[in-house]
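Have a look at the structure below, then the notes.
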Amino acid sequence: MTEIGEVSERVTARRAELDEEEKLLLEQLEKVRAEREDLTAAIRVWERMRALLEMEKAATQAVPVQVGGRGVLLVPNREAGMSEDTLPPDYQQIMKIVRNSGGPVRVKEVGTELGLEVEVKGRLEPLRGKLTKPSGRGWLRKLADGHIQITP
């Protein structure tokens with residue numbers, strides 16, 4: 001009977017050890033799963049940011065237009081000695097408005113000069129987008145406060 005008692009005690013002790021080890025392993029597994037979820041979320045955020053950056057990059061890239069069988073930019077990159085006459089008429093008009101203002105102007109002021117309904121929500125967004133091309137190609141400069149001025 002003593003042998004059975006010893007065996008029973010050893011089995012009980014071993015079970016307690018295994019229960020403790022199982023508890024530690026479950027805690028460790030929980031931490032691993034939580035970290036995996038964090039990594040999955042980080043990958044999703046990174047993929048969204050990458051897609052947004054690619055869309056933004058594609059939107060700001062110069063798109064050539066076919067003129068006389070040759071590819072040309074609608075709004076070319078500004079180079080030394082280049083005249084505003086190389087710009088399409090609507091962009092020439094915008095450049096004239098900005099130049100005549102005598103200093104930095106807001107998009108709303110340009111819209112007013114163009115005869116747009118500046119008080120109607122969303123009417124200035126196409127103009128704001130249109131001002132991005134000459135700004136990105138050296139014709140205009142966007143200031144940190146949102147104003148626009150002619151690039152010297």
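We use all heavy atoms of the structure for the numbers below, so side chains are in, but hydrogens, waters and symmetry mates are not.
- T40 contributes atom OG1, which lies 10.5 Å from atom CD of E35 (distance to the nearest 0.5 angstrom).
- Looking only at side-chain heavy atoms (C-beta outward), L140 and I150 come within less than 4.5 Å of each other.
- Nearest approach of G111 to L124, heavy atoms of both residues: CA-CD2, 4.1 Å.
- Taken to the nearest 0.5 Å, the CD atom of Q93 stands 5.0 Å off from the CD1 atom of I97.
- In this structure, R106 CZ and R128 CZ are separated by 9.5 Å, a value rounded to the nearest 0.5 Å.
- Once rounded to the nearest 0.5 Å, the distance linking NZ of K108 with CG of L127 reads 13.0 Å.
- The local environment of CZ in R36 is sparse, with at most 12 non-hydrogen atoms from other residues, nucleotides or ligands closer than 6.0 Å.
- At most 12 heavy atoms of other shown residues, nucleotides or ligands fall within 6.0 angstrom of atom CD in E30.
- One finds no salt bridge joining E47 and R44 here, because no Lys/Arg side-chain nitrogen approaches an Asp/Glu carboxylate oxygen to under 4.0 Å.
- Residues L114 and I94 form a side-chain contact, since some pair of their non-hydrogen atoms from C-beta on lies under 4.5 Å apart.
- Of the possible polar contacts, one joining the Q92 side chain to the D85 backbone as a donor-acceptor pair under 3.5 Å is found.
- By the 4.5 Å heavy-atom criterion applied to side chains, E22 and D19 are counted as neighbours.
- Between E27 and K23, some side-chain heavy-atom pair lies under the 4.5 Å cut-off.
- To the nearest 0.5 Å, atom CZ of residue R10 and atom CD of residue E17 are 12.0 Å apart.
- Rounded to the nearest 0.5 Å, atoms CG (D90) and NZ (K130) are 3.5 Å apart.
- Closest non-hydrogen pair, S83 versus W139, comes out as O-CH2, 3.4 Å.
- In this structure, T12 contributes its side chain and S8 its backbone to a donor-acceptor pair below 3.5 Å.
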